[in-house]
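Below is one structure, written out as structure tokens, with a few remarks after it.
Throughout, protein chains are lettered first and strands after them, A, B, ... in sequence-line order, and every chain is numbered starting at 1.
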There are 2 protein chains.
Amino acid sequence: MRQIIEERTGSYSRRPQPVETQGSSLRVAAHTTVLHEGDPARRIMEVVDGAVMLTKLLPDGRRQVVELLGPGDVFGLAHADAYACSAETLTPATIATHERSALERDAVLAARLLRRFEAQLCVMHSHALVLGRMSALERVAFFLLRLMPESMVGSTLHLSMTRQEIADFLGLTLETVSRAFSELKRRGFVALLRADEVRIQDRGSMRRLAGAA
Amino acid sequence: MRQIIEERTGSYSRRPQPVETQGSSLRVAAHTTVLHEGDPARRIMEVVDGAVMLTKLLPDGRRQVVELLGPGDVFGLAHADAYACSAETLTPATIATHERSALERDAVLAARLLRRFEAQLCVMHSHALVLGRMSALERVAFFLLRLMPESMVGSTLHLSMTRQEIADFLGLTLETVSRAFSELKRRGFVALLRADEVRIQDRGSMRRLAGAA
DNA sequence: CGCCGCGTTGAGTTGTATCAACGTTGGTGG
DNA sequence: CCACCAACGTTGATACAACTCAACGCGGCG
């Protein structure tokens with residue numbers, strides 16, 4: 001669809017710094033596929049700004065959103081030199097890219113990625129618990145808490161995902177996600193200003209539902 | 001239960017090498033809990049030999065086996081300075097441990113962990129697809145293929161997990177896992193010599209079931 | 001032998017998927 | 001400005017896969 005991507009090389013074009021690698025930076029529109037599952041994995045990427053989702057497909061078309069990424073998160077991982085997931089922007093985004101070979105040369109970059117990978121692996125562990133052991137209502141409560149940092153308590157959250165995308169992330173159908181939203185609203189745990197504008201009313205009950213996430 | 005752990009310091013006790021970190025090595029019996037979810041995360045660990053599973057618990061006791069680890073795999077990851085998962089051996093195992101501070105000093109170690117984290121993150125992505133989108137039969141087929149490397153085609157696989165542990169890994173109940181094994185046997189895709197001895201008879205059909213894993 | 005943990009199988013229940021209709025919103029063009 | 005349309009969301013009725021509860025089988029060990 002809207003594949004508006006503009007690329008520009010790193011700020012230090014004059015003398016290529018050995019530490020600040022020759023990574024370039026992409027500015028990408030919302031709903032743009034940045035890379036495709038199975039393509040040769042040449043570069044590794046970091047979300048600088050915006051939101052990105054990683055997806056995997058089964059041959060018959062079933063889809064799983066395997067990870068939701070925000071600023072600092074890393075993607076473009078490879079299994080057998082091919083990208084393991086597709087990556088699609090949820091919002092307009094800025095993405096930094098690095099040659100894979102840069103990892104060996106640039107220790108600072110490698111250290112940053114190591115810390116990030118650890119954090120993302122922990123998040124994946126939590127997500128496995130969600131997908132493997134939680135009910136639909138619990139999954140949606142968990143999802144909303146995950147998107148709503150402690151800080152912004154009373155404020156309203158904008159969802160940049162459709163019901164189908166949320167369903168594909170939580171291992172549900174879009175109808176079940178919709179019913180779960182309605183049920184949370186009915187119980188007074190959340191308020192839906194619009195379909196994509198949510199306010200959490202009762203954080204305690206939500207946390208109890210989500211298993212003290 | 002059987003908490004037979006013997007610890008010994010690294011081989012270079014004389015002059016402590018700056019690169020080969022002061023990691024110690026554990027010899028651990030099967031069915032031993034090596035670390036507990038929530039404990040302060042002081043050390044990072046590598047499986048040298050044997051098999052280890054990482055688990056997470058919900059307050060009401062529901063359990064998810066989030067990862068299965070073999071030689072080379074890394075665990076002991078921290079979220080907010082606490083272990084994110086418990087780790088339990090499935091077989092007798094040898095485990096190398098490193099102080100977390102060693103990561104900053106030892107570039108070789110850091111590079112190895114980075115590669116491992118990338119691989120383990122990819123595996124977790126696949127597992128999210130399994131947990132979110134696959135049927136019970138597909139999950140069990142996927143599980144068996146994952147344990148049976150391409151190389152050993154005709155040979156027999158020893159499962160070191162109970163039906164309950166497999167169920168907790170695949171997000172199912174032990175009865176459903178048992179029925180799936182029976183169904184795979186009925187279809188002639190696998191042979192069950194004993195409950196924990198499996199031979200894959202029809203790898204093609206298994207791969208088709210598991211979505212060309 | 002007889003117990004105990006683990007596995008299998010059956011019968012009935014339930015949560016989520018599926019299928020289908022209807023509602024809402026935002027954009028476009030008459 | 002309003003009518004129309006398309007995409008997204010909600011809600012209801014029904015179906016079905018997996019869960020739950022329960023009985024039974026089997027193998028290893030004291």
**Prompt:** Taking the side chain of L192(A) as its heavy atoms from C-beta onward, which of dT16(C), dT10(D), dG7(C) lies nearest to it?
**Reply:** dT10(D)
**Request:** Take the protein atom NE2 of H31(A) and the nucleotide atom C1' of dC8(D), then report the distance between them rounded to whole Å.
**Result:** 12 Å
**Request:** Going by the side chain to side chain donor-acceptor pair (under 3.5 Å) test, name the single residue among E67(B), K56(B), Q64(B) that passes it with H125(A).
**Result:** E67(B)
**Request:** Round to the nearest Å and state the distance from F181(B) atom CZ to dT9(C) atom C1'.
**Result:** 16 Å
**Message:** Between R133(B) and V177(B), which residue's closest nucleotide on DNA chain C lies nearer the 5′ terminus?
**Reply:** V177(B)
**Request:** Mind jotting down which residue pairs meet the salt bridge (charged side-chain N to carboxylate O under 4.0 Å, His left out) criterion with at least one end in residues 135-144 of chain A? Sequence neighbours excluded, please.
**Result:** E138(A)-R62(B)
**Asked** In terms of side-chain heavy atoms of R163(B), which of dT8(C), dA17(C), dC19(D) is nearest?
**Response** dT8(C)
**Terminal axes of the helix from dC1(C)-dG30(D) to dG30(C)-dC1(D) (five pairs each): angle between them, nearest 10 degrees** = 20°
**Complete:** Atom CD of E183(A) and atom P of dT16(C) are separated, to the nearest Å, by 11 Å
**Item:** Nucleotide dT24(C), atom P - distance to CG of L193(A) in whole Å
**Value:** 17 Å
**Message:** Checking E37(A) now: which residues fulfil side-chain hydrogen bond (donor to acceptor under 3.5 Å, both in side chains) with it, not counting sequence neighbours?
**Reply:** none
**Message:** Listing request: all salt bridge (charged side-chain N to carboxylate O under 4.0 Å, His left out) pairs with a residue in residues 69-94 of chain B, at least two apart in sequence or in separate chains.
**Reply:** D73(B)-R116(B)
**Fill in**
To the nearest angstrom, the CG-C1' distance between D168(B) and dC19(D) comes to 14 Å
**Request:** Give the rounded distance in Å between these two atoms: CZ of R62(B) and P of dC19(D).
**Result:** 13 Å
**Request:** May I ask you to check if R163(A) and F181(A) form a cation-pi contact, with NZ or CZ under 6.0 angstrom from the six-membered ring centre and within 45° of the axis?
**Result:** yes
**Prompt:** When every nucleotide of nucleotides 20-30 of chain D is labelled 5' to 3' by its protein contacts under 4.0 Å (heavy atoms), B for base, S for sugar-phosphate only, - for none, what sequence of letters results?
**Reply:** BB---------
**Request:** Tell me what L174(B) touches on the nucleic acid: a base, only sugar-phosphate, or nothing, going by heavy atoms under 4.0 Å.
**Result:** base
**Request:** Keeping the roles fixed (side chain from T89(A), backbone from H31(A)), state whether a donor-acceptor pair exists under 3.5 Å.
**Result:** yes
**Request:** Name all residues meeting the side-chain hydrogen bond (donor to acceptor under 3.5 Å, both in side chains) criterion together with S182(B); count only those two or more places apart in sequence or in a different chain, and write none if there are none.
**Result:** none
**Item:** Any S182(A) side-chain N or O less than 4.0 Å from OP1/OP2 of dT11(D)
**Value:** yes
**Asked** Distance from F169(A) atom CZ to L54(A) atom CG, nearest 0.5 Å?
**Response** 10.0 Å
**Prompt:** What integer distance in Å separates L159(A):CG from dT10(D):P?
**Reply:** 10 Å
**Message:** Test your reading of the model: is there a side-chain donor-acceptor pair from T91(A) to the backbone of A51(A), 3.5 Å cut-off?
**Reply:** yes
**Prompt:** Which whole-number value in Å describes the distance from R186(B) CZ to dG10(C) P?
**Reply:** 12 Å
